[in-house]
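All values reported here derive from a predicted model rather than from experimental measurement. Letters go in sequence order (proteins before strands), and every chain restarts at 1.
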2 protein chains.
Amino acid sequence: MLDYKLLEALDAVAASGSFEGAAQRLHLTQSAISQRIRQLEERSGTVLLVRDTPVRATAAGQKLLAHVRQVRLLEGELHEALEMVVTDWLTLRIGVNADSLALGLVAAITPSLQAARILLDCVVADEAQTLDQLRSGEVLGCIGTQPQQIAGCGVIPLGVMQYVLVATPEFVARCFPAGLGTDALADAPAAVYGQQDSIHRRWLREAWGLQQGYYPCHVIPDSTALFGAVCAGLAYGLVPQPQAKDALERGVLCELAAGEPISLPLFWHHWSRQTAPARVLADAVALFASKLSD
Amino acid sequence: MLDYKLLEALDAVAASGSFEGAAQRLHLTQSAISQRIRQLEERSGTVLLVRDTPVRATAAGQKLLAHVRQVRLLEGELHEALEMVVTDWLTLRIGVNADSLALGLVAAITPSLQAARILLDCVVADEAQTLDQLRSGEVLGCIGTQPQQIAGCGVIPLGVMQYVLVATPEFVARCFPAGLGTDALADAPAAVYGQQDSIHRRWLREAWGLQQGYYPCHVIPDSTALFGAVCAGLAYGLVPQPQAKDALERGVLCELAAGEPISLPLFWHHWSRQTAPARVLADAVALFASKLSD
């Protein structure tokens, strides 16, 4: 078996960002920590930490850390099975899409998190990219768009998130007087979450043949700020239907392409070897999603 | 002088993410694009692009791209000085703190952006870290906490953002029955924006001697979601006063350490060689900030 004393030192350095912090945490001297890391690097034959400020794990180091996290989860389950009192919080790292966060995922699952003493560590990525984080072991579960399960993992359908194409009435009159069309879309400023791929960019590419760089585009990496900019008339946006509902009813926004929502089926992917707290989390996420897609 | 035909090819590949996209954009063949990039790499003696999907600039490539962007901005100013009609949108990349985005920065400056046909490309980072992006040429302006200007740049004070420490009354009764204290803070779950440094983590470290890893902590990289989680009673949070105002008045939240707001002076840092659109943007940001700190 691996030497978990060494792995614990690695985990402590990664969590605190320094050898000094790890030493404090494990009540050891800094030189004891250095020695353990050196031993671990010699045994694994590779560098595990980038000695920067803060200290970071290398790709190889991250693989070891993912393993430590899985072992800790299993230990958590063991404690529970033995009816030991769980005194520590358990941190679960998950991959989420920005829109789920903005629509109140965390607030909605708060009661489940509190009851199970779960700390969430959310990593935000595009729905199409979260699976890579699951594959690399960085997260133990994620919201993704792929229906097929990946090796070593299970999958739960979360329902379908509806997106609507919206802008202010003034914006529509100015930029889309004749409705949607390639020329109008190539001139009207869009608002997207990030430089990377997104549902809006995919829609422009697949439905209209417009590649990135061929349309004016504001990049606003905050869902709420993006929606606020659309309501202020800066741009048109492809946003989740529940986010736009009120503004549509009040006439602040109107729908471009009315009656044709763009659907995004979402799935919860998770490690097959799922602990009880991870199952609690998955159930809470599924309940939140079912309410959104109602 | 540099060969701007080659730099334009580099810019097109970086903007579209592929050699094919760049060829379409510049109405050239793909092999012409490849040849230009190769020439540029030979002359600069270094690899400029990572041939991945999408194609990305290396650190050296990014420096060249930052230069191209500066030249484009100067050209924009020239057009204006010559009273040429500006038909194209101008993209300005800026570094912003997440809280400014969440508090409606983009919506507030929309009229200025529209009038000057500015497209925003926001890069989110902690207030203490945005300056690095300015130094590297990645952004032309940023919101930061340092009052001193950096070489080649100017600085404008944006006023002081007040932060308040808040939680639901139930949370306070459960986790802080005797008020703030090291032991209570080491046990009560906090909510922070990211794994990296933040005003909340600095406060725990500097005011209470609590290092990262010594307190339970939810990581929620979305300001609105973080605030929603605090309102749902998941954690306590150190949030901007304007964000908490309504919830405090309605009694949904109450202040821990009432009457002692934590102040964060903010500054707009920008390249000294500022074009007219960049000045428009700086003025709009300063106006937004002055309203927030009123």
Handout entry: Closest non-hydrogen atom pair, V230(B) against V166(B)
Key = CG1-O, 3.8 Å

Practice task
Grab the two heavy atoms, one from L119(A) and one from C217(B), that are nearest each other, plus how far apart they are.
Solution key: CD1-N, 3.4 Å

Top of [options] for chain B proximity - count of heavy-atom pairs under 4.5 angstrom:
options	value
G228(A), P189(A), G21(A)	P189(A)
S16(A), A235(A), A108(A), P221(A)	P221(A)
V192(A), I109(A), V106(A), V123(A)	V106(A)

For [X], which atoms come within 4.5 Å of any heavy atom of chain A: side chain, backbone, both, or neither?
X	result
C231(B)	neither
R174(B)	side chain
A102(B)	both
I118(B)	backbone
L113(B)	side chain

Problem - D183(A), CG: over 12 other non-hydrogen atoms inside 6.0 angstrom - result: no

Practice task
Please determine, among A225(B), S18(B), A98(B), S223(B), the option with the most heavy-atom pairs under 4.5 Å with chain A.
Solution key: A225(B)

Exercise for the section: Name the member of R93(B), Q211(B), Q24(B) that forms the most heavy-atom pairs with chain A at distances under 4.5 Å. Expected result: Q24(B)

Exercise for the section: Classify the side-chain pair R201(B)/Y193(B) by whether it contains a donor and acceptor separated by less than 3.5 Å. Expected result: no

Problem - Heavy-atom check, side chain of R202(A) versus side chain of D126(A), under 4.5 Å - result: yes

Handout entry: Side chain to side chain, Q243(A) and L103(A), heavy atoms closer than 4.5 Å
Key = yes

Exercise for the section: Flag the pair D121(A) and R69(A) as a salt bridge only when some basic side-chain nitrogen lies within less than 4.0 angstrom of an acidic carboxylate oxygen. Expected result: no

